[in-house]
Amino acid sequence: MTDEDSSDFLRVVATEEDIRLALDRLAAAIRADYADRDLLLVGVLKGAVMTMADLARRLPATVPMDWMAVSSYGAGTRSSGVVRILKDLDADVTGRNVLIVEDIVDSGRTLAWLVANLRSRGAASVEVAAMFRKPDAAVIKTDVRYVGIEIPNEFVVGFGLDYAERYRGLPFVAALAPHVYGGAPS
């Protein structure tokens, strides 16, 4: 954390080392589970960019990836519950084993919608890998097969997670100070 940024954060929730170890563990489990099956990674933009890039480098180079952009947030800090597709897949998922790569699962609303949407398109299987999960924030129970790090129900930024398009590039994850987003402390 730089001195100029440190007042924006309450505390570091996941260090670079925590993230690296979690990615290694996720990749090992995914490689084992899909050793004899074709796999399509579907990253959820924009937040999953860091997770997708680092995870994909730990998987066989032949594993294809595609991207979707869905939103239920806008510029706020809480999900609106209304999911919109901003960018759809280029690939056809019919008959394919799809692994959704998410940055974070909190309420579960967007993810539940996305899993149902991809299943309705005829995917052979749809599983989820999330770098972070906030178990205390779950509103809808959604099966997340691969979880990197469980974190507290705080508004966090870094490693792809943003607030108003800021802080995505941080190599760690930190709880954002309420004065930055005008919220009350958790």
Checklist entry - So, are E102 and R133 salt-bridged, with charged N and O less than 4.0 Å apart? => result no
Checklist outcome for this item: CG of L170 to CD of E16, rounded to nearest 0.5 Å, is 9.5 Å
Next on the checklist: Let me confirm one number: the CG-CE distance from D88 to M68, rounded to the nearest 0.5 Å.
Outcome noted: 4.5 Å
Checklist entry - So do the side chains of E127 and D143 get within less than 4.5 Å of each other, counting heavy atoms only? => result yes
Checklist entry - Do the side chains of W67 and V42 get nearer than 4.5 Å, heavy atoms only? => result no
Checklist entry - Under 3.5 Å, is there a donor-acceptor pair between the side chain of T51 and the main chain of A48? => result no
Next on the checklist: Under the side-chain contact (heavy atoms from CB on, under 4.5 Å) test against L41, which residue among D66, L59, V98, I100 passes?
Outcome noted: L59
Next on the checklist: Under a 3.5 Å threshold, yes or no: a donor from one side chain and an acceptor from the other, between T15 and D18?
Outcome noted: yes
Item to check | Main-chain N/O of V147 paired with R25 side-chain donor or acceptor, under 3.5 Å | outcome: yes
Checklist entry - Passes side chain to side chain contact (heavy atoms under 4.5 Å, CB included), F159 versus D54? Steps please. => result CA-CA 10 Å; F159 199 72; D54 286 355; 3.5 Å; yes
Next on the checklist: Nearest 0.5 Å, please: how far is CG in L118 from CG in L114?
Outcome noted: 4.5 Å
Checklist entry - Is L40 reachable from I85 through a run of hydrophobic residues whose side-chain heavy atoms are each under 4.5 Å from the next? => result yes
Item to check | L111 to V105 - nearest heavy-atom pair and separation | outcome: CD2-CG2, 3.6 Å
Checklist entry - Heavy atoms, side chains only, cut-off 4.5 Å: are V13 and P152 in contact? => result yes
Item to check | Criterion side chain to side chain contact (heavy atoms under 4.5 Å, CB included) on L161 and Y167, from CA distance to verdict | outcome: CA-CA 7 Å; L161 302 164; Y167 310 109; over 6 Å; no
Checklist outcome for this item: V144 and A130 have their tightest heavy-atom pair at CG1-CB, 3.9 Å
Next on the checklist: I'd like to know whether CG of D38 has more than 12 heavy-atom contacts from other residues, nucleotides or ligands below 6.0 angstrom.
Outcome noted: no
Checklist entry - Can you tell if the side chain of V12 reaches within under 4.5 Å of the side chain of V173, non-hydrogen atoms only? => result no
Checklist entry - Aromatic rings F172 and F9: how do their planes relate, parallel, tilted or perpendicular, breaks at 30° and 60°? => result perpendicular
Checklist entry - How far apart are the closest heavy atoms of A112 and T142, and which atoms are they? => result CB-OG1, 3.7 Å
Item to check | Contact check, side chains of P64 and R96, non-hydrogen atoms, under 4.5 Å | outcome: yes
Next on the checklist: Under 3.5 Å, is there a donor on one side chain and an acceptor on the other for S125 and N97?
Outcome noted: yes
Item to check | Side-chain heavy atoms of V115 within contact of V128, under 4.5 Å | outcome: yes
Item to check | Under 3.5 Å donor-acceptor, T94 side chain and R121 backbone | outcome: yes
Next on the checklist: Please evaluate residues D33 and R145 with respect to the criterion salt bridge (charged side-chain N to carboxylate O under 4.0 Å, His left out), reporting the C-alpha separation (whole Å), side-chain torsions for both, the decisive distance (0.1 Å), and the verdict.
Outcome noted: CA-CA 11 Å; D33 290 350; R145 184 164 188 167; 3.4 Å; yes
Checklist entry - When rounded to the nearest 0.5 angstrom, what is the spacing between CG in D106 and CZ in F155? => result 9.0 Å
Checklist entry - Quick one: are I140 and R109 in side-chain contact, heavy atoms under 4.5 Å? => result yes
Item to check | Within-4.5 Å side-chain heavy-atom neighbours: I30 and L55 | outcome: yes
Checklist entry - Would K134 and E150 pass as an ion pair if we require N to O under 4.0 Å? => result no
Checklist entry - What is the minimum heavy-atom distance between G169 and M50, and which atoms define it? => result CA-CE, 3.9 Å
Checklist outcome for this item: In short, A22 meets G148 closest at the heavy-atom pair CB-O, 3.7 Å
Next on the checklist: Ignoring hydrogens, what is the shortest heavy-atom contact between G47 and D103? Give both atom names and the distance.
Outcome noted: CA-OD2, 3.1 Å
Checklist entry - In terms of side-chain geometry, is the basic nitrogen of D162 or K46 positioned less than 4.0 Å from the acidic oxygen of its partner? => result no
Item to check | Parallel, tilted or perpendicular: ring planes of Y146 versus Y34, cut at 30 and 60 degrees | outcome: tilted
Checklist entry - Going through the distances and angles, do I151 and V156 end up as a side chain to side chain contact (heavy atoms under 4.5 Å, CB included)? => result CA-CA 9 Å; I151 61 173; V156 294; 3.7 Å; yes
Checklist entry - What's the verdict on side chain to side chain contact (heavy atoms under 4.5 Å, CB included) for D8 and H179, showing C-alpha distance, side-chain angles and the deciding distance? => result CA-CA 8 Å; D8 289 354; H179 76 268; 4.0 Å; yes
